[in-house]
Amino acid sequence: MADGLESESRKLLGRLRDTMAEQAAGQERLDKITHLTADSMGTEVCSIYLFRDSETLELCATQGLKAESVHQTRMKLGEGLVGRVARTGKTVNAADAPSAPGFRYMPETGEEIYSSFLGVPIQRLGEKLGVLVVQSKQAREFTADEVYALEVVAMILAEMTELGAFVGEGAALTRRHTQPVMFRGATGQEGTAMGHVWLHEPRVVVTNLVTDDPETERERLRKAVDDLRVSVDQMLEGADSGGEEVQVLEAYRMFANSKGWLKRMETDIDRGLSAEAAVEKEQSTARARMSQVSDAYLRERLHDLDDLSNRLLRILTGQGRETGSEMPEDPILIARNIGPGELLEYGRSLKGIVLEEGSVGSHAAIVARALAIPLVIHAARVTNEALNGDHIMVDGDQGIVHLRPDDTVVAAFRDKIAMQAQAQERYGSIRETKCVSADGCRVELHMNAGLMADLPSLVNSGAEGVGLFRTELQFLIRNQMPRRTELAQLYARVMDAAQGKRVVFRTLDIGSDKVLPYMKPQDEPNPALGWRAIRVGLDKPGVLRMQLQALIRAAQGRPLTVMFPFVAQYSEFADARAEMDKALAREERLGHPIPSAVEVGAMLETPSLAFASSKFFEEVQFLSIGGNDLKQFFFAADRENELVRRRYDTLNASFLTFLESIVTRCRESGTRLSFCGEDAGRPIEALCLAAIGIHTLSMRPASIGPVKSILMRTNLAEVKAALDAARNRGDQNLRGAVMDYLRENGWAVA
Ligand code: PEP
Ligand code: MG
């Protein structure tokens with residue numbers, strides 16, 4: 001770039017900085033910026049359009065258009081050229097604007113005399129704030145240098161907005177991070193919580209945006225990038241080879257050594273940006289790209305670049321993760337994503353969790369579920385908006401988050417929490433009561449668990465036992481394979497805490513969405529249908545054997561119940577059972593006490609097992625339906641895919657009929673049957689499962705009260721009759737019939 005242009009650009013940025021430093025009201029500053037920009041770029045017009053709300057842009061300052069149109073002219077997102085820039089986040093450069101696609105003439109502005117148009121988005125870290133426009137009478141396309149210069153001004157504007165430079169009297173903008181915002185995400189873990197924001201990664205605040213001394217800034221940047229490279233290399237040396245962490249660090253190293261990245265930032269510095277501002281400009285570009293890329297791998301790499309930019313900013317500003325702020329009362333953790341180990345470190349101190357990413361089956365979600373902390377995932381942009389200490393409400397049932405809620409929302413939310421507390425009190429009164437339906441059918445209610453931390457719930461919830469102990473959590477939260485003695489101690493503590501109540505230990509269920517950090521990841525085209533659970537256990541039996549030994553030793557002569565996950569055919573069960581028998585014989589030989597009774601069962605998670613031979617049903621001591629997996633395979637609808645996971649109802653006639661056929665087979669063979677998927681914890685679903693004859697349900701502890709309450713007050717035979725009648729009528733979905741039945745019987749159901 002020509003030296004002249006560079007110094008022009010630096011001059012403009014210097015004047016912008018002076019504007020920021022002056023004591024002035026927000027509107028005055030905006031006006032001055034339009035004036036300076038038009039002057040510097042040699043255009044007749046410069047205008048700033050900012051978002052009034054998420055859909056509407058408003059002309060907030062102008063040099064050249066009619067002054068009376070300021071704060072009057074508004075347009076919708078996508079409307080006209082300005083709306084187009086805002087919607088797409090892309091620059092529009094038109095020599096003959098009136099003939100450009102989408103042009104819309106705003107008569108009150110007097111813009112009809114201007115031919116050329118250059119509009120760039122004002123955005124900060126991927127968040128859209130407005131549009132900056134220059135126009136001139138002369139019909140000409142703007143040069144690449146001019147486009148770049150305007151983009152830099154837009155970036156400074158975005159940073160100034162963040163710093164609150166445009167608020168005050170006659171203000172164009174209200175102060176940022178003060179307004180109520182609602183985020184609509186998805187449910188990761190049900191439950192509600194109210195508290196204050198605690199950012200997992202506090203934002204880096206950049207206050208020096210502009211420089212007159214590019215040499216020094218270049219030097220600072222180079223030094224920081226050098227430090228960054230060294231720290232990435234050190235992290236790589238310390239990482240376990242082959243793990244996912246190494247892949248991420250390799251990507252970090254690649255970016256940290258990228259000449260293009262450094263070059264772009266240096267060019268920004270030459271144009272007048274400080275080293276920090278140059279890093280942020282690159283980061284913003286990457287974030288904007290991130291929102292448009294659908295390829296998961298590329299998105300991950302852009303995330304890596306984003307993380308790396310944060311690290312670089314921390315080096316440059318000296319701001320660490322520790323900001324000195326204290327964790328607020330009732331902390332609600334806000335993060336883009338978080339690993340299971342980090343989440344466990346926070347433990348139960350958290351009242352709620354909100355993630356921008358995550359998935360229902362992610363390790364973090366599994367831990368949140370185990371800790372019974374309400375979790376909302378896919379809350380886009382929440383880390384941009386939230387500030388430490390902000391008031392926040394998390395509705396894990398609806399997947400909604402209210403940040404800085406206004407009084408009416410707070411009141412409604414408080415009512416909801418109070419109603420839930422009342423209900424909990426009611427449930428408390430029936431905690432010790434065995435669950436028997438109104439027509440005398442006994443239904444056993446057990447709880448699902450996976451961590452030692454879950455065990456106190458066995459007493460608090462009134463569960464009759466642990467119907468599913470997911471042993472993989474102990475493997476997922478570590479950086480290396482746990483040892484046999486460690487596992488034996490843990491399982492023994494679980495049995496101690498259960499005080500003689502039955503605990504069904506499910507052997508390691510890994511693969512698919514649950515990938516161990518220290519296991520070589522398999523490159524599988526479709527992991528949910530891939531090498532997972534018992535398939536891994538049988539093909540590489542070392543871990544399965546170690547786990548069975550640990551379980552036998554933990555029992556110390558007490559009864560032991562073991563369940564194998566994801567059994568798709570009889571031989572898999574027979575082989576796993578044989579491993580159990582071998583382990584028992586070996587332990588006996590070694591002189592260890594043998595459990596007083598051993599029960600071995602399987603999870604029914606693939607439709608194939610429902611059609612296995614009678615011999616299998618006779619041999620297996622119990623079956624537990626893993627409804628989460630069974631449903632995804634029955635409907636061929638990925639349980640992790642937001643596009644399809646809610647598409648098919650559990651109360652779909654086909655699925656219920658299928659479940660009923662499993663009940664029949666188990667009855668014929670006298671096989672004990674239970675259901676341990678998430679649906680067991682949903683009152684209406686639980687009612688239907690019990691009505692069709694599944695009389696043992698295992699669920700998260702918080703669901704036991706609501707499920708017990710509805711079961712005890714309902715006549716299961718009548719529910720069954722309502723289901724049958726609807727099915728005979730040809731209803732595809734039987735939910736309506738159950739809801740009608742409940743309404744007719746005095747339940748206030750929606
Ligand atoms: C299931 O599939 O329903 C189940 C209980 O197992 P998981 O959710 O752990 O796959
Ligand atoms: Mg499963």
Side-chain angles (χ1 to χ4, degrees), residues 187-190 340 358-370 372 375 445-451 454 463 465-477 503-516 526-537 547 561-568 572-573 576 601-610 622-641 645-646 648 650 655 658-659 662 673-682 685-686 689 694 696-701 703 707:
T187 298
Q189 158 70 20
E190 280 110 347
S359 69
V360 186
S362 67
H363 306 167
I366 293 169
V367 172
R369 224 167 284 152
L375 164 68
L445 304 182
H446 295 248
M447 66 173 237
N448 295 345
L451 296 169
D454 292 326
V466 177
L468 167 66
F469 190 90
R470 291 179 160 106
T471 60
E472 58 275 8
L473 288 187
Q474 301 306 324
F475 288 75
L476 286 169
I477 59 180
V503 179
V504 180
F505 287 96
R506 175 175 79 180
T507 61
L508 199 54
D509 182 10
I510 47 154
S512 185
D513 55 310
K514 300 169 195 153
V515 183
L516 298 185
N526 198 339
L529 302 176
W531 198 54
R532 52 179 290 199
I534 198 65
R535 301 171 182 179
V536 181
Q547 211 186 3
T561 308
V562 175
M563 172 162 79
F564 297 114
F566 212 66
V567 173
E572 285 167 346
F573 175 72
M603 284 195 77
L604 197 156
E605 302 182 273
T606 62
S608 63
L609 201 64
F622 65 92
L623 277 175
S624 191
I625 297 175
N628 308 337
D629 273 316
L630 186 62
K631 193 173 151 193
Q632 80 164 334
F633 296 119
F634 187 78
F635 288 111
D638 188 344
R639 65 192 259 193
E640 289 292 312
N641 183 340
R645 70 187 203 91
R646 287 173 218 271
Y648 304 100
T650 303
F655 191 55
F658 176 55
L659 293 180
I662 300 170
L673 178 66
S674 62
F675 187 107
C676 66
E678 293 299 315
D679 284 318
R682 302 193 172 109
E685 281 81 342
L689 293 172
I694 304 176
T696 303
L697 303 172
S698 191
M699 62 201 76
R700 54 193 188 93
S703 298
V707 167

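Just so you know, these numbers use all the heavy atoms, side chains as well, and skip hydrogens, waters and symmetry mates. In each ligand, atom 1 is the first atom listed, and ligand 1 is the first ligand listed.
For atom 10 (O) of ligand 1, the closest non-hydrogen atom on the protein side is R639 NH1, 3.0 Å. Counting only heavy atoms of the protein, atom 3 (O) of ligand 1 lies nearest to N628 N, 2.7 Å. Nearest to atom 6 (O) of ligand 1 among the protein's heavy atoms is R506 NH1, 2.9 Å.
Separating the CG atom in L689 from the CG atom in D679 is a distance of 7.0 Å, to the nearest 0.5 Å. Expressed to the nearest 0.5 Å, how far OG1 of T650 lies from NZ of K631 amounts to 3.0 Å. The CZ atom of F573 lies 8.0 Å from the CG atom of L623; values are rounded to the nearest 0.5 Å.
Ion pairing of R470 with D509 is absent here, as no side-chain N (NZ or NE/NH1/NH2) approaches a carboxylate O to less than 4.0 Å.
When you scan the N, O or S atoms of E605 for the one nearest the Mg ion (ligand 2), you land on OE2. Considering just the N/O/S atoms of D629, the one nearest the Mg ion (ligand 2) carries the name OD2.
Within ligand 1, counting atoms from 1 as listed, the ones closer than 4.0 Å to a heavy atom of L468 are 5 (C). Every atom of ligand 1 is numbered from 1 in the order shown, and the set under 4.0 Å from a heavy atom of G677 is 3 (O). Interface atoms of ligand 1 facing C676, defined by a heavy-atom separation under 4.0 Å, are 5 (C). Close approach of ligand 1 to G626 (heavy-atom distance below 4.0 Å) involves ligand atoms 1 (C), 2 (O), 3 (O). Near E605, meaning under 4.0 Å from one of its heavy atoms, ligand 1 places the atoms 1 (C), 2 (O), 4 (C), 6 (O). Taking every non-hydrogen atom of M603 and a distance limit under 4.0 Å, the qualifying atoms of ligand 1 come out as 4 (C), 5 (C).
In this structure, K631 has no heavy atom closer than 4.0 Å to ligand 1.
At least one N/O-N/O distance between D629 and ligand 1 falls below 3.5 Å.
S698 and S674 form no side-chain donor-acceptor contact under 3.5 Å, judged by distance and modelled atom types alone.
Cation-pi contact between R535 and F566: absent, since separation from the ring centre below 6.0 Å together with deviation from the ring axis within 45° is not met.
For the pair I625/M603, no side-chain contact is recorded, criterion being any heavy-atom separation below 4.5 Å from C-beta on. Here the side chains of V504 and T561 are in contact, with some heavy-atom distance below 4.5 Å.
With a 4.0 Å heavy-atom cut-off, ligand 1 is reached by no atom of E678.
Aromatic ring centres of F655 and Y648 lie farther apart than the 6.0 Å criterion allows.
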